[in-house]
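Notes to accompany the following structure.
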Amino acid sequence: MKPLLRTLGGEAVWPPPVWLMRQAGRYLPEYRAVRAGVKDFIALCTTPELAAEVTLQPIRRYGFDAAILFSDILILPWALGHGLEFREGEGPVLPKLHDEAGVAALDPSRVADRVAPVMETVRLVRTGLATEGFADTTLIGFAGAPFTVACYMIEGGGSKDFANIRGMAYAQPALFQRLMDTLTDASIEYLSAQVTAGAEALMLFDSWAGVLSPRLFRAHVIEPAKRIVAALNQRHPGVPIIGFPRLAATLAGDYAAATRVNGVGLDTAADLPRIAAMMPPSTAVQGNLDPLALVAGGAAMAAETAAILDAMRHAERPFIFNLGHGIVPQTPPEHVAALLRLVRAAS
Ligand code: CP3
């Protein structure tokens, strides 16, 4: 069985399997070359031949244990009919959802058609991995978790304090719950279609989970993830799911136990063995090198990597080496190669 799937099945594989969030992207010259040839980022995500090509680029260069579907978490709200634009150097820009009409306008009936190119990408990547000899590489499909997707819809893009979404969760709880339910249902269908197309594992990105109070974390991070995991386990038994409740701190333990995900991605601030000890023993942990240590490279990267490997070596639980958040564009590609050598040499 593929190393990543063994790990997500509960086995402590050593050296650990390794892949990196945002492993396809602007730090790679071959990505920038493909990106330069398309109108915008959404066009790249919805052109299967190109999306499959950029998914495979980091696998060819580094031989990671996982390929992650090239798409974006904001493709799902886009497919629901919410506007989306990626402006150069500015990140995503969306209309600000703030009322009943905004939630009522979301139309699940159009999603399957609009995400059809993503499913074709999944099929092309599976074929590509097989024909190019990457028999040990696992294809991960993904979606944004409902809370993080709602963050971008309500804030209209990124935010420093997420005041609008937190305000809505407190002041308009019924409306907010309706939005969360719509996104949860749509995520189940979207992820299920990815598995049908060939995704071998799934990941749920909740990048802003850490801005919520414990009570709201349980309601809007744990509950939707629990519902998504239960539905997918029923439809696709044996397909593992990784949750990434970023900056959850000690609530990552509650998240793992309650949602029954197979793996939990931890951010850079998490002290891996201590947070891992709060989870069921078979739950894999994934993380958590600082992406800026990868930019620095050299002795600093080696020291951070060694600290993570030393902490997990004797933990006797499944571990996947990754970053604590996505690769940043200024990362020198040769530092990624050096990191893989360090992880694969782990004794
Ligand atoms: O390699 C991979 O990890 C697969 C593809 C992937 C992308 N985004 C490609 C992308 C994945 C899994 C994501 C997830 C994603 N997207 C998250 C969750 C993880 C995280 O980073 O917290 C979030 C919050 C988004 C939303 C998003 N998409 C933002 C905020 C931005 C702009 C910031 C930036 O880096 O430019 C994007 C754009 C985006 N998504 C790019 C890529 C490669 C850059 C766009 C470009 O090439 O012009």
Side-chain angles (χ1 to χ4, degrees), residues 18-47 50-59 61-62 64 66-78 82 84-94 118 121-122 125 137 139-160 162 165 187 190-191 194 199 201-211 242-248 265-268 286-288 291 322-331 333 336:
V18 50
W19 69 281
L20 304 178
M21 291 187 280
R22 290 280 183 100
Q23 63 191 20
R26 286 166 298 186
Y27 77 107
L28 288 178
E30 59 269 36
Y31 172 86
R32 295 196 299 271
V34 172
R35 179 76 174 76
V38 291
K39 175 168 72 61
D40 58 29
F41 179 69
I42 299 176
L44 178 53
C45 292
T46 53
T47 307
L50 298 181
E53 169 62 22
V54 297
T55 305
L56 291 167
Q57 284 173 345
I59 311 306
R61 197 188 254 261
Y62 304 112
F64 289 116
I68 182 157
L69 164 69
F70 191 86
S71 182
D72 196 84
I73 66 162
L74 301 177
I75 290 294
L76 183 61
W78 170 81
H82 197 78
L84 173 64
E85 221 188 301
F86 283 90
R87 296 195 189 138
E88 238 28 85
E90 220 187 303
V93 182
L94 299 80
V118 175
T121 303
V122 171
V125 174
T137 306
L139 176 55
I140 303 176
F142 74 91
F147 177 70
T148 287
V149 171
C151 281
Y152 287 92
M153 297 171 82
I154 292 169
E155 303 294 340
S159 169
K160 278 199 177 18
F162 298 91
I165 188 166
S187 300
Y190 182 49
L191 290 167
Q194 291 180 34
L202 297 169
M203 182 151 163
L204 206 49
F205 286 90
D206 221 343
S207 305
W208 303 112
V211 306
I242 305 167
F244 180 47
R246 196 169 73 90
L247 299 172
L266 295 175
D267 54 84
T268 296
Q286 172 176 284
N288 67 344
N322 204 312
L323 301 177
H325 203 184
I327 292 186
V328 294
Q330 68 268 33
T331 304
V336 175

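Read the numbers this way: they start at 1 and go in the same order the structure lists the ligands and their atoms. All residue numbers refer to positions in the sequence shown, counting from 1.
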Exercise. Is any side-chain heavy atom of Ser187 closer than 4.5 Å to a side-chain heavy atom of Leu76?
Worked result: yes

Contacts for ligand 1, heavy atom under 4.0 Å, by chain and number, are Met21, Arg22, Gln23, Ala24, Arg26, Tyr31, Arg35, Phe41, Ile68, Leu69, Phe70, Ser71, Asp72, Ile73, Phe86, Gly91, Pro92, Phe142, Tyr152, Phe205, Ser207, His325

Quiz prompt | Any donor-acceptor pair under 3.5 Å from Asp267 side chain to His325 backbone | solution = no

For residues 25-39, the salt bridge (charged side-chain N to carboxylate O under 4.0 Å, His left out) pairs (sequence neighbours left out) are Glu30-Arg61, Arg35-Glu88

The reported gap from CZ in Phe70 to CG in Leu56 (rounded to nearest 0.5 angstrom) is 12.5 Å

Taken to the nearest 0.5 Å, the spacing of Ile42 CD1 from Asp72 CG works out to 9.0 Å

- Query: Can you tell me if Gln286 uses its side chain to pair, donor with acceptor, with the backbone of Trp19 under 3.5 Å?
  - Reply: no

